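The structure displayed is predicted, hence computed values, not measured ones.
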Amino acid sequence: MHLTRRQLLAATGAGSAAALLSSCSGFTQQDDTEPGGSGGPGTLTFTTWGTDAELAGFQSAITRFQDAGGGTVTLNAVPYEQMFTNIDAQIQAGNPPDVFRVPYYTFGGYAGAGQLLDLSGHLPADAADRFTPQAWAAVQSGGRPFGVPHHTDTSAILYNTALLQQAGITDVPTTVDDAWTWDELAAVAAQLRTSLPADRYPFAYNWQGNGVTRWLSWLFQADGRFLTDDLAGPAIDSDAGRAAVDFTKSFFANGWVPANNSIKSSTYAADTWYSQTAAMVWSGAFNIPDADSILDFEWGAAPAPVRARGGGDFGGNALVATKGADPELAAAFLDSLTGADSMKEFCEGASLLPTRADLAESGIEFQVRPELTPVFLGQASQVLPQDSAQVASPVMPGIISVLQDQLELAFVGGQSTADTVAGITAGIQAAVSR
Amino acid sequence: MTATTVRRPPVAAGGPPRRRRGWRSGPVREQLAGYAFVGPAALLLGLFVLLPLAWALLISFQRTDGFGQGTWAGLENYGRLLGDAQFWRAAGNTVLFTALVTPLSMAMGLAVAVLLNSVLPARGVFRSVLILPMAISGVATALMGVLVFDENSGILDRLVRAAGLPDVPWQSGGAAAFASVVLVTLWWRVGFNMLIYLAGLQGISPVLYEQARLDGAGAWQQFRYVTVPLVGPSSFFLLVMNVIYSFQVFDVVFVMTGGGPRDATSVLVTYAYETGFVTRDQGYAAAIGVVLLLVVLAFTAVQWRTSRTRDLVE
């Protein structure tokens, strides 16, 4: 076939236009599995990330809700790395999912910005009594609930039995009542430092990235606060604040943790422990299934240390609804997901801790290493409502950056404790004033 | 295929050229066809590049967390940049990164291209091996970098220890961490530079080298006075692209070091990301992005005007 240049140009132009138009039509097509607000009456979209065990737990709870005639729920599972940039973009575009999962330390940012559905009057009247006080406090904003606490997680110590025994440490606590004090932990660390070769370390701490909120456990154990009672100003400039910074700085100065265990490190503490570079690691229970399947050494769990009191990070996630959702349907779904059966099944399968008061003490047993369940349940009981309420502050996203910068400077930059406390104070003041 | 000749209308003495043909005539149809070709690309460029750019510029004048309507802040965000030590640290690191990576990746790319343009056994295999990193995403490249440069269990420090040398603090030492990011970026980018230079080298006639040899030029003189000037257009393209890529570096730094230790590897894009998506100060983050855009535009404009070899051909 003989084509002139003009015929070729015309044909190619027409082809390009057709391709462009067909690609544009893709922008408006809505796949059934895509998030995008209410899919219709009686339908909810639910966006979450999760491990296989977590997603199985969610799917089971959704089936339970649907079988009970609650409505239709479309589960949209996304990678964690994309979760909140996607959610933010969807909110900005006016097209958010009806329900999504959110860490407690991020919850306040969404609630404070007025993007979440106020569940007051939609949840059952006894909702507040259903959850532990610390869990209920973590989903409040301005005294009103903007979500439900779906599960929690807090850090205890996982230890390499052989490395501790080689250092002569055989008496490891198993309950929060006999947890090591800070001084006892320091003695254990010094003993391990002497016993271990130079390229192995007594422990690693899980404060990398947004895990910097886990540093607050030390502050809480010293009975300190980082925000004032009304959450309107900094409160870290205290004896407790200085003690927490001082003690955690000493981990690096004494060689108790590897130099790359800093806040901004790309190596997670759990990996350092898995490779037997560290004898102990602070870890949430969610690591138990992985540790059980991949480690070929004997290991156990112990509660985190105490100082003036016990304390821990209030980790885990809430479930929240966005403003465009059907309030009654969304509240019914959240109510169902935090029902006793759904929560028990989810937490046991995913090695996470319940937020329901009736399950929090001894109502669940992990499917993997069930004997470790009491250690983590006991640790979770050390979190006070006043601790979790601070983490749920609307300015927490700004405070996370301040903690990351200042603690990095303190741990590996040689910044003094006084300057660090002053830096955190100034940063929090700027965040709450913004 | 029939060649099309565009005939210009005769110019009448003392007056403008007369338009004798309607819109269906050749030149107009050619123009329309040209617009039809440019149209889709221009539309996509406008929709996905220019519109977001204009939006980012607008946001940079606002105080906003990204939700709802922000409040007008005028030049406040730009004023904050002047007194922000972290911004200047990130800007300095970005310039240093660019100053190291751009010449090194171009020099290594040219050296390898010259080598692989010669008669070398299995050069196809070597070319493929060098180009392979281009096919891997930046995040995957950086994750491999983490495995290599982990100072506790990484391959590199294990080798260093086995050789009886002191450990290199790839993650906890500022200079070493910066070096690790530069090395991984070079590994990722040399293949691209090599490919462009190889294409440039294959456009140089062997006759020129023969003439140079007849004139008594040695290997270095042939490289210096024949090869380097004649790959000028490739060098110009690579210089602009490498500078833009370097100023926009994000994934390798974000995954390998997170900007640490102590902001030693913090660059403008990681700082803008942290400010926009962690701190949620999106107006300020947009201002950082606009400054980055202006710097890259200014550099490209200067290069465009000063480069003498960008259009050099035999």
As an exercise, state the distance from CG of D65(B) to CD of Q92(A), rounded to the nearest 0.5 Å. 8.5 Å
When you compare the side chain of W170(B) with that of N260(A), does any pair of heavy atoms fall below 4.5 Å? no
Would the distance check show the side chain of E408(A) and the main-chain N or O of R262(B) forming a donor-acceptor pair, the cut-off being under 3.5 Å? yes
Which portion of D167(B) sits near chain A, non-hydrogen atoms under 4.5 angstrom: neither
Shortest non-hydrogen pair, N152(B) vs P258(A), comes out as ND2-CB, 3.7 Å
Under a 4.5 Å cut-off applied to non-hydrogen side-chain atoms, are K264(A) and Q171(B) in contact? no
Residues in residues 245-260 of chain B near chain A [non-hydrogen atoms, under 4.5 Å]: V255(B), M256(B), T257(B), G258(B), G260(B)
If you count heavy atoms of other groups shown closer than 6.0 angstrom to CH2 of W88(B), is the number above 12? no
S172(B) side, atom OG; F252(A) side, atom CZ - distance, nearest 0.5 Å: 9.5 Å
Near Y80(A) OH, under 6.0 Å, is it more than 12 heavy atoms from other residues, nucleotides or ligands? yes
Would you confirm whether R280(B), through its side chain, and G109(A), through its main-chain N or O, come within 3.5 Å as a donor-acceptor pair? no
Most heavy-atom pairs under 4.5 angstrom with chain A, which of G66(B), G34(B), G173(B)? G66(B)
Can you say whether P261(B) sits under 4.5 Å from chain A via the side chain, the backbone, both, or neither, judging by heavy atoms? both
Using heavy-atom distances under 4.5 Å, tell me whether T267(A) contacts chain B through its side chain, its backbone, both, or neither. both
Considering only heavy atoms and a distance below 4.5 Å, find which of T106(A), V412(A), T277(A) pairs most often with chain B. V412(A)
With a 4.5 angstrom heavy-atom cut-off, could you sort out which part of D405(A) is near chain B: side chain, backbone, both or neither? side chain
Contact residues of residues 138-151 of chain B (partner chain A; heavy-atom separation under 4.5 angstrom): V146(B), D150(B), E151(B)
Any T279(B) side-chain heavy atom under 4.5 Å of S401(A) side chain: yes
If you count heavy-atom pairs under 4.5 Å between each of T85(A), I91(A), D88(A) and chain B, which one has the most? D88(A)
